[in-house]
Amino acid sequence: MQSSSAISQPVRVRFAPSPTGYLHVGGLRTALYNYLFAKHHNGKFILRIEDTDQSRKVEGAVESLISALEWAGVHYDEGPGKDGGFGPYVQSERLKTYHRYAAQLVEHGNAYYCFCTQQRLEDLRERQNAQKISPAYDRRCRDIPKEEAARRKDSGESCVVRMKVPISGDLTFEDRIRGKVTIAHKVLDDQVLIKSDGFPTYHLAVVVDDHLMQISHVIRGEEWLSSTPKHIMLYRYFGWNVPQLAHLPLLLNPDKSKLSKRQGDVAVEDYRSKGYLKEALINFVAFLGWNPGDEREIFTMDELIKEFSLERVGKAGAVFNVEKLNWLNFQHLRRKTDSEVLTMVKEELTRWALDNSKFTDDYLLMVIGAMRERVSFAKDFVEKSPYFFKPPEEYDSDVVKKRWKPETPEYLKKLSDEFSQLNEPREDEYEAVLHRTAEALKVKQGELIHPLRLAVSGMGTGPGLYDILFIIGKDETMRRIRTAVEKLTGR
RNA sequence: GGCCCUAUCGUCUAAGGGUUAGGACGCCGCCCUCUCAAGGCGGUAAUACGGGUUCGAAUCCCGUUAGGGCUACCA
């Protein structure tokens, strides 16, 4: 159906969400694939709002959709607020257009007015279910003479527009991901195109808009695969070229059901607020159903644009697995420059209501250097090593049990005395002193290192002890030793 | 129920007739080491099942099973 000239047609793709709430991670992936495909081919990525269902409209949903996309770096070239000559990009603002094309369909005998009440339709469906036959419209209004239908419509009788589906035969189309798909006409319903409230259904609006907006490739979720034949039929009725089609596999819960709330977070905003990097989320979501064909795993947006192709998109649904997302977050976080991390750590300190101004950039940079290899999230700098920002308030009881012995206070006091002799010591000077002290005490270094770590940090894990001491400084070290000895002696 | 789609380690996936079925996450072990990480090395674990086609099948065909989607005046 596509002539060879269609190949040189500029690439124009769209993401067309309904404004019914937040942006779902599945939606993010669909948007991302469209975006990557567009950018890879120097094409345009268009955002279109499909708000044809008045009852599901949610206030503020468009704004939250756009802000999530922008945050993720999936920027649209055309869409609400960015007219590229094909607007408006909100379907509720295009009602007249849909009516015009629906009228054309009726005119040509490819659609008809249907006056059946919703009550009759319900009864019909009930009867069909009882008889165990597939529920479908019985086409009662299909053969009402045009003049009569027009008269009834003009007299104000409530009606919808339905498309005429051929009774027999079948329809085959080519999907870029799934290959040939065939469906028999007889299992297709005479789909409603214009609802009685005057709004179009998805099926009419999507075809009209994709054509008018010169969409070259329709890349969308698999849930649309079974209604695609109806869309193709409409393209044919209108005499339009069908865009290339690509139906993406779905994103799944761990139990393989369709990804949903209840089983974890599904909103992009949830991941954003949990501290995930957009780079990680994008990288992760891109790999749910696509891979570059080699063993590289860490990709930036630009690299994804460079490598992306529909040919390498898989067919099977993919489980959204947070473990791997966490690992990717770690990978992307460690690729950030120190100054980028610095900005993030400052934000975290503010969030934790810790006095930001108390710490110089140089100080924070030292903390970052010490913790970089140990954190997956920016918030970990504060959560995993709070001792860089305030003295320990308590001491890990397991570590106390294991490392704090009756003679420990005496050792630490001795160490503290030795430290007091030092003048702005560096890491290796602390180390040398500890080494000497251990020898003098005739104990192994571990007898000092572990309790000292506990005393200054309250915990048993973290960066090298001497790094910690250097960062918090001599005075603070001695202060913390004193406090620990007081609190942990004679428990 | 009907129609459509899908099926490789627990998870994401590579291998599009010939491989010891590869990589990554996770998990386990070892090395490194003051702890925890990071890093290095190693291990665990898969072609849903049954038939064909073929010298040869994860790969092609058919069936079964399982999962998913659709079946609205929702998208």
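Within every chain, numbering begins at 1; the chains are lettered A, B, ... in the order of the sequence lines, protein sequences first and strands thereafter.
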Inset, instruction - Do nucleotides 36-41 of chain B as a string where each nucleotide becomes B, S or -: B if the base has a protein heavy atom under 4.0 Å, S if just the sugar-phosphate does, - if no protein is that close. - result: BBSS--
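Here A:Thr201 does not reach the OP1 or OP2 of B:C74: none of its side-chain N or O atoms lies under 4.0 Å away. In this structure, A:Arg48 does not reach the B:A75 phosphate: none of its side-chain N or O atoms is under 4.0 Å from OP1 or OP2. OP1 or OP2 of B:C73 sits under 4.0 Å from a side-chain N or O of A:Arg162.
Rounded to an integer number of Å, the gap from CG of A:Leu121 to C1' of B:U71 is 14 Å. Rounded to whole Å, the distance from CG on A:Leu434 to P on B:U35 is 14 Å. Summarising the geometry, the separation between CG on A:Asp396 and P on B:U35 is reported as 16 Å, rounded to the nearest angstrom. Put simply, CG on A:Leu225 is 13 Å from P on B:U71, counting in whole angstrom units. In this structure, A:Lys402 places its NZ atom 11 Å from C1' of B:C34, rounding to the nearest Å. The nearest whole Å value for the distance from the CD1 atom in A:Ile183 to the C1' atom in B:G69 is 12 Å. If you measure from atom CD of A:Glu311 to atom P of B:A14, you get 14 Å, rounded to the nearest angstrom. In this entry the distance linking OH of A:Tyr137 with P of B:U71 reads 19 Å, nearest Å.
Remark: B:U47 base-pairs with no nucleotide; criterion is Watson-Crick or G-U wobble with both hydrogen-bond distances under 3.5 Å. Using Watson-Crick or G-U wobble geometry with both donor-acceptor distances under 3.5 Å, B:U65 finds its partner in B:A7. Pairing of B:G29, defined by two Watson-Crick or G-U wobble distances under 3.5 Å, is identified with B:C41. Figure legend. B:A14 is base-paired to no nucleotide; pairs are counted as Watson-Crick or G-U wobble with both atom distances under 3.5 Å. Across all strands shown, B:C70 forms a Watson-Crick or G-U wobble pair with B:G2, both key distances being under 3.5 Å.
For A:Asp265, the salt bridge (Lys or Arg N to Asp or Glu O under 4.0 Å) test picks out A:Lys274, with sequence neighbours left out. Residues forming a salt bridge (Lys or Arg N to Asp or Glu O under 4.0 Å) with A:Arg426 (at least two apart in sequence, or on another chain): A:Asp428, A:Glu429. With sequence neighbours left out, A:Glu476 forms a salt bridge (Lys or Arg N to Asp or Glu O under 4.0 Å) with A:Arg479, A:Arg480. With sequence neighbours left out, A:Glu431 forms a side chain to side chain donor-acceptor pair (under 3.5 Å) with no residue at all. Residues that satisfy the ring pair (Phe, Tyr, Trp, His ring centres under 6.0 Å) test with A:Phe15, not counting sequence neighbours, are absent from this structure. Under the rule for a salt bridge (Lys or Arg N to Asp or Glu O under 4.0 Å), the partners of A:Glu373 that lie at least two apart in sequence or sit in another chain are A:Arg334. Residues forming a ring pair (Phe, Tyr, Trp, His ring centres under 6.0 Å) with A:Tyr202 (at least two apart in sequence, or on another chain): A:Trp224, A:His231.
A gap of 25 Å separates the C1' atoms of B:A15 and B:G51, to the nearest Å. Taking atom C1' in both B:U33 and B:G26, the straight-line distance is 24 Å, to the nearest Å. If you take atom C1' in B:C61 and the same atom in B:C41, they sit 45 Å apart, rounded to whole Å. Of the P atoms belonging to B:A57 and B:G52, the separation is 12 Å, rounded to the nearest Å.
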Could you list the protein-to-nucleotides 10-13 of chain B atom pairs, N/O on both sides, closer than 3.5 Å?
| unit_1 | atom_1 | unit_2 | atom_2 | d |
| --- | --- | --- | --- | --- |
| B:C12 | OP1 | A:Val319 | N | 2.8 |
| B:C12 | O2' | A:Phe287 | O | 3.0 |
| B:U13 | OP1 | A:Gly289 | N | 2.6 |
| B:U13 | O3' | A:Asn291 | ND2 | 2.8 |

Restricting both atoms to N or O, compile the protein contacts to nucleotides 57-59 of chain B shorter than 3.5 Å, with distance only.
none

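Of the candidate nucleotides B:C70, B:C73, B:C25, B:C25 has the atom nearest to the side chain of A:Trp327. Looking at the side chain of A:Glu323, the nearest of the listed nucleotides B:G23, B:C25, B:G69 is B:C25. Here the nucleotide nearest the side chain of A:His450, chosen from B:G69, B:C3, B:U35, is B:U35. Taking only side-chain atoms of A:Ile449, from C-beta outward, the nucleotide of B:C34, B:A72, B:G1 with the closest atom is B:C34. Distances from the side chain of A:Leu250 to the nucleotides B:C34, B:G1, B:G68 place B:G68 closest. Side-chain proximity of A:Arg56 to B:U35, B:C73, B:C74: nearest is B:C74.
Contacts classified as ring pair (Phe, Tyr, Trp, His ring centres under 6.0 Å) and involving residues 112-134 of chain A (residues at least two apart or in different chains) are not found. The salt bridge (Lys or Arg N to Asp or Glu O under 4.0 Å) contacts involving residues 159-181 of chain A comprise A:Glu174-A:Lys180, A:Arg176-A:Glu311, A:Arg178-A:Glu222, where partners must be two or more places apart or lie in separate chains.
Residues A:Arg335 and A:Gln331 are in side-chain contact: their nearest non-hydrogen atoms beyond the backbone lie under 4.5 Å apart.
In this structure, CG on A:Leu454 lies 9.0 Å from CG on A:Leu412, to the nearest 0.5 angstrom.
Taking the six-membered ring for Trp and the full ring otherwise, the centers of A:Phe320 and A:Phe284 sit less than 6.0 Å from each other.
A salt bridge does not link A:Glu303 to A:Arg296: none of the charged nitrogens lies less than 4.0 Å from a carboxylate oxygen. A salt bridge links A:Asp138 with A:Arg120; the closest basic N to acidic carboxylate O contact falls under 4.0 Å.
Where A:Glu50 and A:Arg403 each meet RNA chain B at their nearest nucleotide, the meeting point lying more 5' is that of A:Arg403.
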